[in-house]
Every structure is written in C-alpha cells, then in structure tokens.
Amino acid sequence: MPELPEVETVCQGLRDTILEKTIAKIKINRPNLRYPLDHQALSTFHNHKITAVTRRSKYIILHFDRHQDVILIHLGMSGRIHNYADTTVDKVKHTHVEFDFKDSTAIHFIDPRRFGFVHVIKSTNLNDYWHGKRLGIEPLNDELTATYLHQALQVKKISLKAALLDQSIIAGLGNIYVCEALHLSKLSPYKITNTVTLEQCDTLIHFIKIVLRKAIQAGGSTLRDHKKVNGDTGYFQFDFHVYNQESKLCRLCEVEKIIRVKQNGRSTFYCTACQLVS
DNA sequence: CGCTCCACCTGAACGC
DNA sequence: TGCGTTCAGGTGGAGC
C-alpha cells in the first residue's frame with residue numbers, strides 16, 4: 001500500500017481516534033509478520049496511554065505515557081490499520097495484531113502479504129534505528145534542499161528513478177510518487193544521476209513536495225489495500241498524471257501517450273515527449 | 001563498494 | 001469454470 005502520503009493519512013486518522021486512549025490488551029494472532037512479533041515486549045504496553053502518533057518515512061510510531069519504549073509499525077505493501085468502535089467485532093481476514101483499548105474500542109493491523117511488521121524499540125534508540133536502516137531525510141522537511149539532493153546525486157551513477165526510490169537519499173518516496181514527481185519536473189526516469197543539474201534538483205524538490213502535499217490532502221492513493229483508519233478510501237489515484245495511466249494522453253503536452261516500461265524490475269510510467277534525458 | 005536482482009507473501013486480473 | 005501466469009504501493013540480503 002503505502003508510501004509517505006498513505007502512511008501520513010493513517011497517522012492522522014490514528015491521532016483522531018486513539019490519542020489519550022489506554023491499552024487494555026494487545027492480541028497477536030500470528031507469531032510473525034516480516035519479522036517475529038515480540039509478544040513479551042508488546043504486553044508491557046498494557047495499561048499504558050498513547051500520548052502521540054508520529055511518522056518517520058513510512059514508519060508509524062506510537063508513543064506512550066510512562067513507558068521508555070515506542071511501538072513501530074510498518075505497513076509493507078498491503079498493510080492497513082482499521083479503527084473499530086468496539087472490541088467484539090468480527091475481524092477481517094489477515095488481522096494479525098489487535099490493540100484493544102480500555103474504552104472498548106480497538107484498532108487492528110491487517111496485512112495480507114505480511115511484508116509489514118510491528119517492532120518495540122527503546123525511545124532513546126530510535127535515532128540509532130533510523131541510522132541502521134540508512135534512512136535519508138524527510139522530503140517535506142526544509143532539510144531537503146537542492147544542494148543536498150545535487151550532492152547526493154552527483155556521487156552516484158544510477159538512473160534518477162532508482163535514486164529517488166533509494167530511501168537513504170530521500171526517505172518516504174515510493175514508485176507512485178517518484179513517477180509523478182519526475183513527470184511534473186519533466187525529467188526522464190532514465191537520466192543518470194550525475195548529470196542532474198542543481199536547477200533540475202530545485203525543480204524536482206519543488207514537485208516532490210507539491211505532489212506529496214496534494215496526496216496527503218486527498219487521503220493518499222487507494223489502488224487496492226490502502227484505506228484510512230475509518231475505512232474510507234483515499235482519492236489521489238484520480239489525480240495521477242502517469243502512474244497506471246499507460247496509453248492515456250499526457251496531461252502536460254496533450255500529444256504523446258504515457259508509456260509503461262520496466263526499470264530495476266518495477267514499472268515506470270512516463271511521457272517520452274515531455275520527460276527528457278538532457 | 002556500488003549496484004541490480006530476487007525473495008518474501010497473498011490475491012486480483014487476465015489469457016487460454 | 002478453472003488453471004496458469006503476471007503483477008502489485010516495500011525492503012533488504014545475495015551475488016555480480
């Protein structure tokens with residue numbers, strides 16, 4: 001499911017529903033997702049209150065009152081979190097973790113493909129954790145400057161598409177928003193990183209921020225799995241210029257048709273007329 | 001070391 | 001209807 005806008009949408013939904021709620025019980029229905037679930041560590045959150053929900057890249061972080069650890073949730077490709085008005089509802093297929101609250105509401109972690117995971121980490125070790133994952137900077141942060149990106153791209157010789165998917169440069173972009181940002185920037189996904197100029201980096205950053213902000217406003221993109229925590233779909237998929245728009249007319253030049261190619265094993269959608277290598 | 005590929009899973013969509 | 005194939009929003013380890 002989820003790139004940064006989808007994860008941010010889920011975080012916002014969680015803030016609306018579970019802040020200040022106290023965990024009654026965390027139920028684990030499956031011993032492992034991508035990684036083994038730490039039953040013991042998760043049980044230490046019983047009777048603790050959620051004080052904040054934050055996001056780093058595509059990770060959701062639950063913070064608690066009087067607890068030195070945080071719960072990290074990654075949604076993988078197909079993960080979602082659903083809010084329930086009571087703890088006794090019938091759970092849907094692939095509900096792997098249930099967080100029951102003292103007020104008898106609940107949130108469930110659902111993930112058919114099980115590429116997602118739930119980790120317990122010491123708050124003080126969070127920075128080390130991000131460091132270990134080689135996470136780069138947040139795209140919506142002011143830290144993302146043309147100078148930073150230019151420097152990062154200059155030392156590499158890979159396609160611009162691959163570089164933007166590299167989480168150690170910018171953390172949070174995925175296949176959809178990289179395709180969209182490249183198109184708006186009129187840059188070829190095949191352009192080699194060390195040929196990207198400072199000005200082009202500036203343009204790229206401008207459109208990365210725009211496309212992410214718009215997508216967050218739209219509640220993310222629902223292709224199949226992504227849902228807000230209340231069950232609503234996002235609707236940014238209706239604003240796609242290139243992603244999943246194969247053979248449709250390019251919305252920039254209105255002449256050429258969007259094509260789909262394979263890059264590093266993943267689909268790239270782009271306009272051969274607008275998105276130049278030079 | 002830098003980079004590409006593939007596995008990890010389930011399920012939906014499509015072709016025959 | 002059913003079976004086989006391909007594809008999907010991410011990540012990280014193997015191998016070149």
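Everything numeric in this text was worked out from a predicted model, so none of it was measured. Protein chains get the first letters and strands the later ones, always in sequence-line order, with residue 1 at the start of each.
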*Quick one: A:His226 NE2 to B:dA12 P, roughly how many Å, whole number?*
19 Å
*Can you run through DNA chain B from 5' to 3' and write each base as (, ), [, ], | or . depending on how it pairs? Watson-Crick or G-U wobble, both distances under 3.5 Å.*
.|||||||.|||||||
*C1' gap between B:dC3 and C:dG9, integer Å*: 23 Å
*Without hydrogens or angle criteria, can the side chains of A:Asn83 and A:Lys228 be said to hold a donor-acceptor pair below 3.5 Å?*
no
*In whole angstrom, give me the gap between the P atoms of B:dC9 and C:dC3.*
24 Å
*asked:* Distance check needed: B:dC9 P versus A:Asn32 CG, whole Å only.
replied: 8 Å
*Give the rounded distance in Å between these two atoms: CZ of A:Arg80 and P of C:dG10.*
18 Å
_Exercise: do A:Tyr177 and A:Ser221 side chains pair donor with acceptor under 3.5 Å_ = yes
_Distance check, P atoms only: B:dC5 and C:dC7, in whole angstrom units._
15 Å
*Mapping A:Arg114 and A:Ala162 to their closest nucleotides on DNA chain B, which lands nearer the 5' end?*
A:Ala162
_Contact nearer the 5' end of DNA chain B, comparing A:Arg224 with A:Gly265_ = A:Gly265
*Spacing between A:Phe115 atom CZ and B:dC6 atom P, to the nearest angstrom*: 15 Å
*asked:* How many whole angstroms separate atom CG of A:Asn194 from atom P of B:dG2?
replied: 14 Å
*Taking atom P of C:dT11 as reference, at what distance in whole Å does atom CD1 of A:Ile170 sit?*
14 Å
*Counting side-chain heavy atoms from C-beta on, which of C:dA8, B:dT10, B:dT4 comes nearest to A:Lys262?*
C:dA8
_Distance-only donor-acceptor test, A:Arg34 side-chain atoms vs C:dT11 base atoms, 3.5 Å_ = yes
*Between A:Lys248 and A:Glu256, is there a side-chain N and carboxylate O pair less than 4.0 Å apart?*
no
*Report yes or no: is there a donor-acceptor pair, N or O only, under 3.5 Å between the side chain of A:Arg113 and the base of B:dC9?*
yes
*Taking the side chain of A:Lys156 as its heavy atoms from C-beta onward, which of C:dG9, B:dC3, C:dG12 lies nearest to it?*
B:dC3
_Can you measure A:His74 atom NE2 to C:dG9 atom P for me and round it to whole angstrom units?_
14 Å
*ring-ring contact (aromatic ring centres under 6.0 Å, His included) between A:Phe45 and A:His67: does it pass, once the steps are laid out?*
CA-CA 8 Å; A:Phe45 291 92; A:His67 204 300; 4.0 Å; yes
*Taking the six-membered ring for Trp and the single ring otherwise, decide whether the centroids of A:Tyr235 and A:Phe238 are under 6.0 Å apart.*
no
_Shortest side-chain distance from A:Lys58, nucleotide among C:dG10, C:dG12, B:dG11_ = C:dG10
*Assign A:Arg260 to base, sugar-phosphate, or nothing according to its heavy-atom contacts below 4.0 angstrom with the strands shown.*
sugar-phosphate
*Whole angstrom is fine here: how far is it from CD in A:Glu180 over to P in C:dG9?*
12 Å
*Do the side chain of A:Arg266 and the base of C:dA8 come within less than 3.5 angstrom through a donor-acceptor pair of N or O atoms?*
no
_A:Lys209 atom NZ, over 12 foreign heavy atoms within 6.0 Å_ = yes
*Between A:His150 and A:Tyr148, is the ring centre distance below 6.0 Å?*
no
